[in-house]
Amino acid sequence: MVKLYQRKRDVLRVGLALWPRILFPAKRQIIKSECGLVTVKDRYDDIVGEHETVVEPWVFMRVKNEGKTLRKSLETIEPISKRGVIGYNECTDDSEDIILAWCKEHPGYIPFKYDYEIIPVNSEKYAKLRKGDEKHTLAGYYQAVLDLIPKDEWIIKVDGDHIHYPNIIKHALSLLRNEREWISFSRLNLIRVDGQYKVISYVRPDDHYMIFNRGLNFVNVCGKKKDGSFFAHEALRCFGKGLGALPPPWKPECSNIHLPFEKSYRSAPFNATKLLNLDDFFNYCDVRQFSREFIEAVKRDTNLMLNKM
């Protein structure tokens, strides 16, 4: 049975395809951002009815010095899938030991050590790449991990500094109706400051996704922003013959938290003390995107992490 939010997405997709880009572009962008949204209420309505999760993806993870959060990240994604590839590179903490131990305990997971030095994100070296340099790039590293995942399988891209909430993710997986559909997961970015967690930002949708592994390739992207600053990063592209552009993704409610500054080599380039406390954020957050179960679970997990530090 087609759900109401599925029917709404299909109608919006057709409308956007017919809408000229030069006609009310701001309004068109607002409607495009609404296309594929799945709210907390949508999921709860499905729970009351019937839905079935039919997809078990391959976990696609890349790691660099994420020992503080890595085990927890793996434990919270494992209910989604018992198989995956964990790539790691230039680790100087205990990340490698955690990965090898995890893969020994969970034989469906494959460890993969990428031995090449990687040019850092946003380095201007990306604008001067020569033939043969690809193995030292982010796209080269990510592609090497992706190549270990069988073709024509679903993959879920995650990071070792994310904590996942599988009950929410499992419902998102049931949204997929065919192999051209995909999911873009949102994330709540947090930072630990003076014995408490604060909210950096909420990003929906984001570069963590569930997608079918057919015609996928990572490429390096670089250039200048409007303010003149340089940017460089990896991006996933779909190059399969005859595939065409993929439709807009499903954009479900928030299902994970991201702790980007728990790494020893990364520090916040801003004054984090002025950010909103996690509790204050939850008091005013959009109830369409943050369920009560998510809020309670995040409060529990962040309190546990603070007590261990």
Side-chain angles (χ1 to χ4, degrees), residues 26 29-30 33-34 37 39-40 62-73 76 92-93 95 120-124 138 157-165 168 184-209 221-235 251-309:
Q29 186 60 37
I30 291 173
S33 69
E34 292 289 320
L37 290 184
T39 67
V40 172
R62 296 91 42 248
V63 174
K64 180 180 178 180
N65 289 344
E66 290 164 342
K68 290 183 179 180
T69 56
L70 181 54
R71 181 80 192 189
K72 179 71 172 178
S73 181
T76 55
T92 57
D93 65 356
S95 291
V121 64
N122 293 329
S123 170
E124 295 198 15
L138 290 165
K157 178 178 178 284
V158 298
D159 281 342
D161 54 1
H162 287 238
I163 295 175
H164 314 276
Y165 295 93
I168 301 173
S184 181
F185 295 100
S186 61
R187 66 182 180 187
L188 183 62
N189 298 312
L190 304 180
I191 186 170
R192 179 167 45 91
V193 182
D194 298 331
Q196 60 182 325
Y197 277 98
K198 291 177 174 287
V199 176
I200 303 170
S201 61
Y202 174 56
V203 184
R204 184 190 196 192
D206 191 43
D207 67 343
H208 287 73
Y209 39 74
V221 178
C222 63
K224 290 283 184 74
K225 299 179 182 178
K226 290 183 179 180
D227 62 5
S229 62
F230 185 82
F231 70 88
H233 57 84
E234 88 296 336
K251 293 172 270 190
E253 66 191 89
C254 191
S255 59
N256 73 85
I257 58 174
H258 178 217
L259 306 165
F261 298 108
E262 295 294 333
K263 304 178 180 69
S264 58
Y265 68 91
R266 182 184 288 174
S267 58
F270 50 82
N271 183 358
T273 60
K274 296 183 179 181
L275 295 174
L276 196 65
N277 294 338
L278 183 60
D279 286 346
D280 292 335
F281 175 84
F282 282 144
N283 286 336
Y284 298 99
C285 66
D286 185 347
V287 296
R288 298 183 309 158
Q289 303 186 44
F290 295 90
S291 66
R292 177 53 53 185
E293 65 186 279
F294 175 83
I295 292 171
E296 292 174 354
V298 170
K299 288 182 177 180
R300 177 200 67 213
D301 289 338
T302 51
N303 285 333
L304 288 172
M305 287 187 291
L306 289 173
N307 290 333
K308 288 181 179 180
M309 295 173 178

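In this chain, residues are counted from 1 in sequence order. None of the values given here were measured: they were computed from a predicted structure.
- Scanning all heavy atoms of the two residues, the minimum distance from S186 to P252 falls at OG-O, 4.0 Å.
- Looking only at distances, a side-chain donor or acceptor of S73 sits under 3.5 Å from a matching main-chain atom of H162.
- Residues forming a side-chain hydrogen bond (donor to acceptor under 3.5 Å, both in side chains) with N189 (at least two apart in sequence, or on another chain): R187, S201, H258.
- Take F290 and apply the ring-ring contact (aromatic ring centres under 6.0 Å, His included) test, not counting sequence neighbours, and it matches Y202, F281, F294.
- Separating the OG atom in S229 from the CG atom in N122 is a distance of 8.0 Å, to the nearest 0.5 Å.
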Just distance, no hydrogens or angles: give the donor-acceptor pairs under 3.5 Å from side chains in residues 271-278, sequence neighbours left out.
residue: N271; atom: OD1; partner: T273; partner atom: N; Å: 3.2
residue: N271; atom: OD1; partner: T273; partner atom: OG1; Å: 2.5
residue: N277; atom: OD1; partner: K198; partner atom: NZ; Å: 2.6

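- Counting heavy atoms from C-beta on, the side chains of Y197 and L306 come closer than 4.5 Å.
- With a 4.5 Å cut-off on side-chain heavy atoms, H233 and V221 count as touching.
- Residue-environment remark: CZ (R300) exceeds the threshold of 12 foreign heavy atoms within 6.0 Å.
- Among all heavy-atom pairs drawn from C285 and I295, the shortest one is SG-CD1, 4.0 Å.
- The salt bridge (Lys or Arg N to Asp or Glu O under 4.0 Å) search around D280 returns none, not counting sequence neighbours.
- Within a 6.0 Å radius of CG in N283, other residues, nucleotides and ligands contribute more than 12 heavy atoms.
- A salt bridge links D286 with R288: the closest approach of a Lys/Arg side-chain nitrogen to an acidic carboxylate oxygen falls below 4.0 angstrom.
- Nearest heavy atom pair, residue S95 against residue L70, reads O-CD2, 3.8 Å.
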Let's go through F231 and V121 carefully: what are the C-alpha distance in whole Å and the side-chain angles of both, what is the deciding distance for side chain to side chain contact (heavy atoms under 4.5 Å, CB included) to 0.1 Å, and is it a yes or a no? CA-CA 8 Å; F231 70 88; V121 64; over 6 Å; no
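- With contacts defined as side-chain heavy-atom distances shorter than 4.5 Å, the pair L188/V199 qualifies.
- Partners of D301 by salt bridge (Lys or Arg N to Asp or Glu O under 4.0 Å), not counting sequence neighbours, listed by chain and number: K72.
- Formation of a donor-acceptor pair under 3.5 Å by the T302 side chain with backbone atoms of K299 is found in this model.
- Heavy atoms only, all atoms of each residue included: D159 and H164 are closest at O-NE2, 4.1 Å.
- The distance from the CZ atom of F185 to the CD atom of E253 is 11.0 Å, given to the nearest 0.5 Å.
- In this structure a side-chain-to-backbone donor-acceptor pair under 3.5 Å is present from R62 to V158.
- Residue F230 comes nearest to C222 through the heavy atom pair CZ-CB, 3.6 Å, listed as atom of the first residue, atom of the second, then distance.
- Residues M305 and L259 form a side-chain contact, since some pair of their non-hydrogen atoms from C-beta on lies under 4.5 Å apart.
- Separation of atoms CD1 (I200) and CD1 (I191) is listed at 5.0 Å; rounding is to 0.5 Å.
- Taking the ring-ring contact (aromatic ring centres under 6.0 Å, His included) definition, one finds that F282 meets it with nothing, sequence neighbours left out.
- Atom CG of D161 and atom CD of E262 lie 9.0 Å apart (nearest 0.5 Å).
- When all heavy atoms of K157 and H208 are compared, the closest pair comes out as O-CD2, 3.4 Å.
- With a 4.5 Å cut-off on side-chain heavy atoms, T92 and N65 count as touching.
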